[in-house]
Amino acid sequence: MTDLVTTTVKDGVMVVSLNRVDKKNALTQAMYDGLTAALNAASAQNEVKVLLLAGSNEVFCAGNDLEDFLTLKELSQDSPILRFLTTLVRFKKPLLAAVAGPAVGVGTTVLLHCDLVVADSQSRFQLPFVALGLCAEAGSSLLLAERVGQAKANEWLLTGKPFSAAEALQYGLINQVVDGQVVETGLAIAKQLATLPSGAMMATKALIRQPHQAKAEKAIFDEAEQFVKLLQGDECKAAIKAFFSRR
Ligand code: COA
């Protein structure tokens with residue numbers, strides 16, 4: 001397992017931390033594998049009642065590593081990204097996220113699979129897929145509208161403009177905004193949830209998620225089909241080149 005994704009377990013909570021701060025926690029293929037392994041370990045371990053996904057108190061996640069995108073030729077069911085997304089969408093225990101700084105691309109869409117999200121007031125969310133010559137992913141073409149309403153989902157996905165923690169809270173993407181120490185706040189909420197009866201917790205999560213499950217999985221695979229075609233296109237290649245030559 002990569003040391004860019006680490007886990008600790010205490011008081012019924014597994015904290016899954018992204019540790020690639022120098023690259024704003026952009027996710028590589030190895031990091032997706034690390035995340036999948038963490039979710040599977042959390043599912044298997046009885047002592048884990050709740051999972052908290054976090055970066056640091058400054059950076060959550062700048063999305064998929066853009067250099068990695070340039071080498072990605074296919075997205076089969078066995079690819080690290082799709083294995084992570086299918087494991088995530090099927091994850092049965094309560095999943096929390098603590099967001100600070102940038103939450104870009106999958107750094108925002110992963111939140112649609114989280115049951116509770118706390119964010120620092122300075123967080124910046126963004127879904128820049130179209131500007132990158134790409135399309136929605138992680139089920140966001142369906143799940144974002146279900147979460148925040150069609151009008152806002154259209155705006156965030158089609159314009160790709162960044163939005164604040166206050167706006168994310170207003171439209172129900174996240175649950176709570178704090179000023180600093182977001183990881184500690186997320187941990188406190190997770191520990192509180194871990195004290196509640198876990199059978200009832202998981203039954204409730206299943207009831208909330210089940211009506212959307214099959215549709216969400218279909219959206220993930222439909223999106224992946226388009227996404228991988230767009231990745232090979234000139235629009236995407238030019239946008240990624242522009243990002244790396246921006247200085
Ligand atoms: N993939 C690869 N590298 C990335 C990255 C990504 N998604 N996001 C950031 N980095 C790297 C930068 O290239 C830079 O590397 P360097 O120090 O070697 O030059 C480093 O992380 C710091 O990023 P920087 O852009 O200097 O930080 P910032 O605070 O000015 O801006 C972001 C932060 C997240 C707003 C900006 O980095 C960004 O827009 N990243 C791309 C996000 C993106 O498009 N993700 C894919 C979505 S599908």
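Source: prediction; values computed, not measured. Just so you know, ligand 1 is whichever comes first in the structure, and atom 1 is the first atom listed for that ligand.
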Options [options], ranked by nearest heavy atom to [atom], top entry:
| atom | options | result |
| --- | --- | --- |
| atom 21 (O) of ligand 1 | R20, E58, K23 | K23 |
| atom 37 (O) of ligand 1 | F243, F244, F227 | F243 |
| atom 45 (N) of ligand 1 | C61, G105, G63, A62 | A62 |

Show me which atoms of ligand 1 lie under 4.0 Å from any heavy atom of [X].
| X | value |
| --- | --- |
| A26 | 1 (N), 5 (C), 6 (C), 7 (N) |
| L132 | 44 (O), 46 (C), 47 (C), 48 (S) |
| V104 | 42 (C), 43 (C), 45 (N) |

Nitrogen or oxygen atoms of [X] and ligand 1 under 3.5 Å apart:
| X | value |
| --- | --- |
| L66 | yes |
| R246 | yes |
| F129 | no |

Any carboxylate oxygen within less than 4.0 angstrom of a Lys/Arg side-chain nitrogen, looking at [X] and [Y]?
| X | Y | answer |
| --- | --- | --- |
| D115 | K205 | yes |
| D11 | K49 | no |
| E58 | K24 | no |

- Message: Among F125, F129, F163, which residue satisfies the ring pair (Phe, Tyr, Trp, His ring centres under 6.0 Å) criterion with W156?
- Response: F163
- Query: Given the side-chain rings of F69 and F227, with only the six-membered ring counted for Trp, is the space between their centroids under 6.0 Å?
  - Reply: yes
- Would D22 count as a contact of ligand 1 if the rule is a heavy atom under 4.0 Å away? yes
- Message: Would you say L75 ends up clustered with M31 if hydrophobic residues are merged whenever their side chains have heavy atoms under 4.5 Å apart, either directly or through other cluster members?
- Response: yes
- Query: Do L143 and L95 share a hydrophobic cluster, counting only Ile, Leu, Val, Met, Phe, Trp and Tyr and linking them when any side-chain heavy atoms are less than 4.5 Å apart?
  - Reply: yes
- Side chain, backbone, both or neither: which part of P102 has a heavy atom under 4.0 Å from ligand 1? side chain
- Query: Do the side-chain N and O atoms of N19 and T6 include a donor-acceptor pair separated by under 3.5 angstrom?
  - Reply: yes
